[in-house]
Number of protein chains: 2
Amino acid sequence: MYHYEHPRPAVTIDLAAFMLSAGELRVLLIRRDAEPFAGEWTLPGGFVHSEESLEAACGRVLSAKARLERVYLEQLYTFGAPGRDPRDRVISVAYYAILAADQRYSGPGQWHDAQALPKLGFDHAEILSTALTRLRAKLTYSDIGFEFLPEEFTLGEAQRAWETILGRPLDKRNFRKSLLEKGRVQATGKKSRGGAHPPAMIYKLGEDQAQLST
Amino acid sequence: MYHYEHPRPAVTIDLAAFMLSAGELRVLLIRRDAEPFAGEWTLPGGFVHSEESLEAACGRVLSAKARLERVYLEQLYTFGAPGRDPRDRVISVAYYAILAADQRYSGPGQWHDAQALPKLGFDHAEILSTALTRLRAKLTYSDIGFEFLPEEFTLGEAQRAWETILGRPLDKRNFRKSLLEKGRVQATGKKSRGGAHPPAMIYKLGEDQAQLST
DNA sequence: ACCTAGTAGTGTATATAATACACTTCTAAA
DNA sequence: TTTAGAAGTGTATTATATACACTACTAGGT
């Protein structure tokens, strides 16, 4: 197995980072300066360094210049087709990340509406499409949606988040029922202030669920 | 991004190949000769060559010396923790494979009962555990189970396959109902011969499902 | 003081899906 | 002829998912 060595492919991570902002599901994109795909948008990514884990590489790419606390990170798929980078054989382990709405991202790149994406370089449109499919699927059978919210939230905020991610309206009573049954969320006792409406109960993620987002 | 180059990790694939045999769910394992983990069992694997896809590398590892027709292959997860191979930084893209019961495998390695595994080298116990979890989950919401069966099968054979994979008995009428409704399987009109029981109708995978196993 | 806009909050009925459960029939082998 | 073993077949119950409409409260503007 180690008797002789083939040329090694490069290994990178690519990151589909999602965030809710201004009622849109947004994705972080980087504009490329150099060929190939100069002028097009790509997902942020980078080489995996010799002694860092794949997750550490994601963290480095995402928060080199940022100060991020709550970031959900999950491996998505590994893209390794020969020719996906025209320069060299590059195998990319794709991850997707979710930044909570109360985070401030100050690194490079721009946040784009996931519903209206520009043309993407490399195979990043495929990566992003895979990430969106996974994200929407997990929204219904896991607690991943809470990663988009601050630690405390009202049920109305949660419903607007879910609707933005799925891109379709949800029934209010059924949505509330699904969060309230089985202790997925628990009331904090506090009530929201402000807004042209009655104060809303503030909830947090249920204790049993807190570490089980996947 | 390409201004200077870090040392490149090696990229391998590791393969959890499953097959039903003698009423057991079996996994292909290779006994290691050399250190590290000499004498222990590992999943078959190998380096990804310069110009081959990840799937092609899996196919090469699995069928170098075998003559295999029906092999289901699906990417599982990428394991890249530093130190998972004590010799070198190795990033392994794990796949799992399913061989249909009527295939003959003649390559290296031994087929082991997945319920009674020996000690595995590297992090292969974790890979295999991930594969088993995924396999069992997909059995209930996809048509992946049919990959274990020959193209034509009776409902009894299918139920025994499902029960072997899940490791628990299933209700006969509910199982048959779930396969027959919505055209998941279609009757061929032929009947089985032999056995101390009435002839059974022979089915094949429904036409709509034939290419949708994932 | 009044009006308006906007969200909070609340139950029930229906449809669909999942589960539990037992007997008769047919064939091969002893 | 007997026995063992699988084939085949319905219904009742439970749980889950979906559809659907009104009142109450607050902020802000008139």
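Computed over heavy atoms, backbone and side chain alike; hydrogens, waters and symmetry mates excluded. Residue numbers start from 1 in every chain, and the chains themselves are labelled A, B, ... in the order their sequence lines are given, proteins ahead of strands.
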Side chains of A/W162 and A/L149 in contact at under 4.5 Å (non-hydrogen atoms): yes
message: Do A/F18 and A/L99 have side chains that approach each other closer than 4.5 Å (heavy atoms only, starting at C-beta)?
response: no
When the distance from [atom1] of [X] to [atom2] of [N] is rounded to whole Å, what number comes out?
X      : N      : atom1 : atom2 : result
A/Q159 : C/dT10 : CD    : P     : 14 Å
A/E181 : C/dT10 : CD    : P     : 15 Å
A/H197 : C/dG6  : NE2   : P     : 11 Å
A/E157 : C/dA8  : CD    : C1'   : 12 Å
B/R193 : C/dT27 : CZ    : P     : 10 Å
B/R173 : C/dC23 : CZ    : P     : 10 Å
B/K177 : C/dA17 : NZ    : P     : 12 Å
B/D171 : D/dT13 : CG    : C1'   : 14 Å

query: So, do A/F122 and A/F79 have ring centers that fall under 6.0 Å from each other?
result: no
Side chain of [X]: nearest nucleotide among [options]?
X      : options               : answer
B/A200 : D/dG8, C/dA8, C/dA20  : D/dG8
B/M201 : D/dA27, C/dT7, D/dG8  : D/dG8
B/K182 : C/dT19, C/dA8, C/dA17 : C/dA17
A/P198 : D/dG8, C/dT7, D/dA19  : C/dT7
A/A196 : C/dA5, D/dA7, C/dC26  : C/dA5

message: Under a 3.5 Å threshold, yes or no: a donor from one side chain and an acceptor from the other, between A/Q103 and A/Y105?
response: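 A/Q103 vs A/Y105: no donor-acceptor pair found between side chains.
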Residue whose nearest DNA chain D nucleotide is more 5′ - B/P199 or A/P199: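 Looking at DNA chain D, the more 5' nearest nucleotide goes with B/P199.
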- prompt: Only one of A/R32, A/H112, A/H124 forms a side chain to side chain contact (heavy atoms under 4.5 Å, CB included) with A/W41, so which one is it?
  reply: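 Exactly one pass, corresponding to A/H112.
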query: For A/G156 and A/N174, take the nucleotide of DNA chain C holding the closest heavy atom to each; which residue's nucleotide lies nearer the 5' end?
result: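 On the 5' side of the pair lies A/G156.
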